[in-house]
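Everything below concerns the one structure shown next.
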4 protein chains.
Amino acid sequence: MILKFDFASKVPLYLQLRNQIVIGIAEGKLSPGEKLPTVRALADESGINSMTVSKAYQLLKQENYIVTDRRGGTAVASQTPEKVDARTVHALRLHISELRISGMSKEDVLDLCAKLYEEGDQK
Amino acid sequence: MILKFDFASKVPLYLQLRNQIVIGIAEGKLSPGEKLPTVRALADESGINSMTVSKAYQLLKQENYIVTDRRGGTAVASQTPEKVDARTVHALRLHISELRISGMSKEDVLDLCAKLYEEGDQK
Amino acid sequence: MILKFDFASKVPLYLQLRNQIVIGIAEGKLSPGEKLPTVRALADESGINSMTVSKAYQLLKQENYIVTDRRGGTAVASQTPEKVDARTVHALRLHISELRISGMSKEDVLDLCAKLYEEGDQK
Amino acid sequence: MILKFDFASKVPLYLQLRNQIVIGIAEGKLSPGEKLPTVRALADESGINSMTVSKAYQLLKQENYIVTDRRGGTAVASQTPEKVDARTVHALRLHISELRISGMSKEDVLDLCAKLYEEGDQK
DNA sequence: GTGGTCTAGACCACA
DNA sequence: GTGGTCTAGACCACT
């Protein structure tokens with residue numbers, strides 16, 4: 001899995017990392033149970049400080065996206081129960097509003113959403 | 001139009017304000033050409049610093065959601081922005097990923113998106 | 001409120017701080033709505049690094065014990081809804097087991113628990 | 001006696017093992033004098049490294065919960081430790097604080113403590 | 001070798 | 001002035 005960071009972005013690095021991993025899981029680039037790189041390995045290869053990587057991992061863990069086994073290593077959670085976050089729906093509402101204002105029809109928006117959802121099917 | 005702020009949120013206040021106005025426009029609570037309260041009035045009634053309100057207005061102006069008329073009043077733009085922001089699509093992808101992981105089917109997601117889009121029709 | 005740290009303890013400093021604040025709230029030394037010292041002030045007066053204090057505050061925030069208002073400052077939450085944590089009950093079970101093995105009768109244990117609970121009443 | 005481990009927990013495995021044995025003793029699932037499995041056997045059946053099991057046994061020995069007999073076997077001590085650990089009381093205070101903040105009345109807390117204590121009576 | 005903790009000092013966004 | 005982010009480098013507990 002390839003990671004990209006925008007060091008000029010206002011979005012903090014640890015969130016950029018977290019988001020890429022979430023998307024990776026949803027789109028099948030990361031499978032449940034698959035091992036993730038160690039904190040230090042990921043830090044080295046991406047040029048990010050290990051504390052920053054650690055912060056992202058801790059957030060993902062807290063959100064039940066990943067699990068770290070005490071016997072070593074971190075992996076994508078096999079169980080991702082998790083209720084739908086109200087903030088996610090709220091954010092969705094905002095972004096759909098932005099698309100609507102920019103002139104997209106309901107069909108266009110739904111097509112876009114369908115396309116985005118399906119990225120996870122063609123893995 | 002009623003404004004609500006979460007002072008404990010991670011989202012900055014000026015963005016919360018900006019987002020509510022964008023949603024308001026998309027969902028028809030604010031009509032093109034409609035006048036917005038002055039910075040001062042909005043600041044007073046919502047308990048937010050006027051610098052913060054001003055920042056939100058400036059952002060909205062820059063994004064072409066609102067315009068300042070000759071006499072200094074502010075109103076919803078009649079010409080809405082036409083370009084779709086790449087960041088919006090990226091954010092949409094993230095949030096759809098989150099919904100997918102939490103177990104929602106494609107149909108569920110599309111229903112939700114349709115519902116969110118339609119909020120602007122029933123004003 | 002007086003804070004004490006055991007720099008030799010195996011319990012991490014940020015947890016020691018978190019625990020003292022939780023106990024302080026329960027025992028009435030900190031009232032709902034009361035302002036907490038700033039991260040830096042607390043760091044200075046206790047000789048702990050500010051990142052460590054920040055970590056404690058973030059944990060307390062996540063647990064809904066405290067709230068930070070975007071307009072500045074952090075305060076004890078006035079609403080502490082929060083469900084009872086299963087881990088708390090589990091830990092309680094362990095500690096009561098330890099007391100039982102060391103020979104304390106049920107009455108002694110309940111007296112101790114009652115005494116500990118009541119510390120919050122005599123503020 | 002059934003052992004369960006949470007490999008994703010923040011509590012180290014050797015402590016999880018130690019805690020389960022302490023609770024087992026208090027609640028009568030393990031009787032004074034009863035033999036414990038060998039380090040190796042316990043390690044194999046639970047998927048834990050034998051160094052980790054050994055560490056737990058050493059800790060329990062040091063706390064006088066278990067003893068090693070002449071031939072190297074390990075058994076639950078018949079002489080139980082008599083001193084109440086100050087840390088136990090401190091931990092109890094913390095957990096009772098957490099329960100109190102989450103809205104439990106003194107009666108609720110004492111009922112819970114009584115119930116937890118009594119688990120050892122109904123074996 | 002793994003993640004977790006801590007420090008000292010710096011910079012930035014927000015209000 | 002507030003909290004949030006990030007770095008570089010160190011030490012430690014656990015397995």
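The sequence lines fix the lettering, A, B, ..., with proteins before strands; numbering per chain opens at 1.
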According to the side-chain hydrogen bond (donor to acceptor under 3.5 Å, both in side chains) rule, which pairs have a member within residues 48-58 of chain C, sequence neighbours left out? none

Report, one pair per line, the protein and nucleotides 1-8 of chain E atoms (nitrogen or oxygen only) whose separation is under 3.5 Å.
residue	atom	partner	partner atom	Å
E:dG3	OP1	A:Thr74	OG1	3.4
E:dG3	OP2	A:Val39	N	3.0
E:dG3	N7	A:Arg40	NH2	3.1
E:dG3	O6	A:Arg40	NH2	3.0
E:dG4	OP1	A:Lys61	NZ	2.8
E:dT5	OP1	C:Tyr14	OH	2.8
E:dT5	OP2	C:Lys55	NZ	3.1
E:dC6	OP1	C:Leu13	N	2.2
E:dT7	OP2	C:Asn49	N	3.0
E:dT7	OP2	C:Thr52	OG1	2.7
E:dA8	N7	C:Asn49	ND2	2.7

side-chain contact (heavy atoms from CB on, under 4.5 Å) partners of B:Asp44, counting only residues at least two apart: B:Arg40

Partners of A:Val84 by side-chain contact (heavy atoms from CB on, under 4.5 Å), sequence neighbours excluded? A:Val89, B:Leu99, B:Ser102, B:Met104

Non-neighbouring partners of C:Gln62 that pass side-chain contact (heavy atoms from CB on, under 4.5 Å), sequence neighbours left out: A:Gln62, C:Leu59

Applying side-chain contact (heavy atoms from CB on, under 4.5 Å) to A:Ala91 and not counting sequence neighbours gives A:His95, B:His95

Separation of atom CG in B:Leu59 from atom C1' in E:dA13, rounded to whole Å: 14 Å

Sorted by chain and residue number, the salt bridge (Lys or Arg N to Asp or Glu O under 4.0 Å) partners of A:Asp6 (sequence neighbours excluded) come out as none

May I ask you to test the D:Leu17-D:Ile48 pair for a side-chain heavy-atom distance under 4.5 Å? no

Qualifying side-chain hydrogen bond (donor to acceptor under 3.5 Å, both in side chains) pairs, either residue in residues 8-21 of chain C, two or more places apart: C:Lys10-D:Tyr14, C:Arg18-C:Glu63, C:Arg18-D:Glu98

Any stem touching DNA chain E, meaning at least three consecutive Watson-Crick or G-U pairs under 3.5 Å, ordered by first number, would be E:1-14 with F:1-14

Using OP1 and OP2 only, check whether a side-chain N or O of C:Arg70 sits under 4.0 Å from E:dA15. yes

